[in-house]
Structure formats: structure tokens, C-alpha cells
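The structure appears right after this line, and notes come after that.
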Amino acid sequence: MIVTRHESLRIQDEDEIVKIRQQARRWAADLGFSLVDQTKMVTAASEIARNTVVYGGGGTVDIEMVQAGDRQGLRLSFVDAGPGISDVELALRDGYTTGSGLGLGLGGARRLVNDFEIDSRPGQGTRVVITRWK
Amino acid sequence: MDAKQKALADLIAENPNTLRAAWMRELAIDVKRTNLMGEAELQGQCQEFLMRLEHAIRHGELEDIGAPSWTPVRDYLTEVSQRRANLGFSPADTATFVFSLKKPLFMYLQERSGNDSMLVEQIWQTTALLDRLGLYVMEVYQKSREEIIARQQDEMLELSTPVVKLWDGILALPLIGTLDSNRTQVVMETLLQRIVDTNSEVAIIDITGVPTVDTLVAQHLIKTVSAAKLMGVECVVSGIRPQIAQTIVHLGVGLGDIVTKGNLAGAFEYALRRVGMTTTPIRSES
Ligand SMILES: Nc1ncnc2c1ncn2[C@@H]1O[C@H](COP(=O)(O)OP(=O)(O)OP(=O)(O)O)[C@@H](O)[C@H]1O
Ligand SMILES: [Mg+2]
């Protein structure tokens, strides 16, 4: 898999979540994603970005256009150095929240993209990578 | 403190008034829009700054204006910059407050110094110091401008949440643009308040203009609808576009028993029926 375009953004607050949504939408449109696919990717990005801010205490995202064979996709890698998640399976379960949310963000994001990876250890922070292929 | 530094502090301490007057003459030449601030205020600023500057030079390091001994100077420059940002001074005119002190100071240094090599070094020290302070002013000024812009955005945010009365008992809230959590909060509170004020029975929330509905927006919607319901008011959500509908389904958000309509017209018709009205075409007379 090769990366054809790359950009890193900070995620510290609500404004930056908005910026990431806008950037994800722009890149998805550049890749020729359908309106439905754009919206799915942008919404997934919004969920993970908000978790990064709310639970991870802020972090960064790498936005990448990737190519694998003749497939093109958009990959977003979110990293924070927050408290991490002790039980990832539980966190992914619909309705599970330790905050005041609906508890649908993680599981929902996983359903909205093609590839979903999460790597988190307590005390080590959290890394979530989502990819949607065209 | 070295001798040069002490000499500089002494120079300011011994000539506060003449120095201030010379500085104000420079400011009058360099600053383009002098009418923005009164003479008395400017004089007060110059005086206060010179006092704090003298103290900091005497008790601190010239190379490190971030050190605690420079806090009074930094604080005062912050105040000066914020004031100027509020009055509408340009960044250049704001920085000039500091830079225009160079010439009067150098003239004094020259007058006093018998020793040329010391003079050159002193001038170098002083100019470097004033540049640092000037840049600090620019930084604070920029921040103040950004704060003003943010405040204006907040004000616009309230303006851009129009709750309109469509009919007796029927309110509509057309949502347009990005719903971050601040804005959603304001929007929803405005709606609930207007429901109370107008004694309405049905409220239409139209989200045609909302590009992204994530769990947070959905949660706010659900909360608002529930709150309205407790007040005896039914909410109708309209304008859920196909791509949003599909996304919401994947997210797993259940809109439960919330009434949804494809567009605002459909929602309005529904609302009219709820308040006991129907729409019929007018029979043509001719
Ligand atoms: N980056 C993170 N760091 C630490 N904990 C996290 C992180 N992301 C998610 N979590 C944990 O996983 C839980 C579930 O996350 P999820 O996004 O599904 O729900 P939520 O954020 O609580 O609510 P919603 O996303 O529906 O508004 C969170 O409540 C939190 O405890
Ligand atoms: Mg979440």
C-alpha cells in the first residue's frame, strides 16, 4: 500500500474536530467518493476525533490518501496519549459509555468504514485507524 | 547586573518626564491613527511602561523577557495591546508603541556616554531588548484580535439560530451549517425557550442544511425532542437527506418514536393537521 497524499492535524478542541470533518470531506470528494460514502467517512471521523478530544485528552490525526493495487482509499489514523481503554471489546459495544454519550461512536464508526483497527492499552493511549475504499 | 544595564536603568529613572515627552513626540509621528486614543491615556501608558521597564532592567536579565522579573512589563504590554486591539489599532501601530522608544533612548545614551565602544554595545543591547518587547506586543495583539473574532462568532451563532413561527402554534427551526456542540446547545435552548414564549404545540426541526449528523448531534436532537415532549409539544424532524439517513442507521442511532418527514413542506402539513387545520386548494372562480 502506498500513500499518495498526507497531512497531519492536531485535535485539541471542538473547532479542530470541525476542521478534520471538513478536510476528510474534501479529500473524500477529491477521491471521487459518492455523497453517501463521503458522509459515512466524515461521520466516522467525527466520532473518533471527538473521542480523541473527550477521552484521550487531545491528540493528532494523520489523513492519508492510500493506494493498494488499483484501489484508492482514505485512511485516517487518530492517536492520543490519554488513559487508554482497558476493555476494547466492551468499549465497542453499542450503548456502552463511561461519559454522557450514547455509547455508539466507536461501534458506529466501525460500521461506517471498511477497515477499522483499534490499539489501546491502559496508560498508553489509544490509536484508531479507519479506512474507506472507493 | 552589569554596569551598562545599570546605566540604562539610571537613565530612565533620572529622566522619566523628558524621555516620556520625547517618546510621545515619536509616537505622534509614527502612529498613523492617533485619533483613536486620547493624549491623557497615551501619556499614562508611556509613564507606566517606563516605570515598569526601568524596574525590570534594574532587577532582571535583558535577554530573557519571559523571566518572572519581567512579568510586570509583560502584563502591562498585554493590557496596552488588548486596549489597542479593541480600539482598532493596526498591528504595526501597536508594535510601534515599543519600537518608537528606541530613538529617544538612543539619543540619551549617546548624550551621556563618553566611551564609544560601551555606547555601541549598549545600543545593541537596548535595540535587541526593544525588539523582543515589540514582538511580544505583536503576539498579544494578535491573540486579542483572535479573541474578538471568536466573540463575534459567538454572537453570530446566536443570530443564526432563527426560530420562526409558521402558524399559530407551529414553530420551525431551520438548522444550517456545522453543528458543533456549542452551537447545538444554543440552538436547542433557543427552540425550547421560544416554545414557552409562543405557547406552541408543534415544533419542526429542519436539518436539510446540516452536513453531518454524528452521535453528538443525534443525542442533542433526541434530548430536545424529549424535553419538548415533556412540555407537551410534539417535534417533527424534517430534511433528513438520504446520505444522512443511511449514516444514522449505520451509527445505530434510533430516532425512536420521533416523527420524521422528508422535507419542510411535508412537516408543515403534518403540523397543521396536529393543530386542527387542513390545506385545500382554492377552487378557481373563473
Ligand atoms: N480515545 C479514547 N481514550 C480513552 N477511552 C476511550 C477513547 N475512545 C473511546 N473511549 C471509551 O470508550 C467508550 C465508548 O466510546 P463511544 O465513542 O462508543 O461512546 P461515547 O463517546 O461514550 O458516546 P458517543 O460516541 O455515542 O457520543 C467511551 O465512553 C470511553 O470510555
Ligand atoms: Mg464517542
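Atom set for the values below is all heavy atoms of this structure, side chains included, hydrogens, waters and symmetry mates excluded. Letters go in sequence order (proteins before strands), and every chain restarts at 1.
A donor-acceptor pair under 3.5 Å is formed between the side chain of Gln219(B) and the backbone N or O of Ser100(A).
Below 4.5 Å, heavy atoms of chain A meet heavy atoms from Gln243(B), Ile244(B), all part of residues 234-244 of chain B. Residues of residues 12-39 of chain A that come closer than 4.5 Å to chain B, counting heavy atoms only, are Glu14(A), Val18(A), Arg21(A), Arg25(A), Leu35(A), Val36(A), Thr39(A), ordered by residue number. Of residues 106-121 of chain A, those residues lying under 4.5 Å from chain B by any heavy-atom pair are Gly108(A), Ala109(A), Arg111(A), Leu112(A). Using a 4.5 Å cut-off between non-hydrogen atoms, the part of residues 45-79 of chain A that approaches chain B consists of Ser46(A), Glu47(A), Arg50(A).
Contact detail for Leu104(A) and Leu251(B): the closest heavy-atom pair is CB-O, 3.8 Å.
Between the CD atom of Gln246(B) and the OG1 atom of Thr43(A) there is a distance of 11.5 Å, given to the nearest 0.5 Å.
The part of Val213(B) that comes within reach of chain A is its backbone (N, CA, C, O), which places non-hydrogen atoms under 4.5 angstrom from that chain.
Within a 6.0 Å sphere centred on CH2 of Trp167(B), heavy atoms belonging to other residues, nucleotides or ligands number 12 at most.
The choice from Gly95(A), Gly101(A), Ala44(A), Gly103(A) that makes the most heavy-atom pairs within less than 4.5 Å of chain B is Gly101(A).
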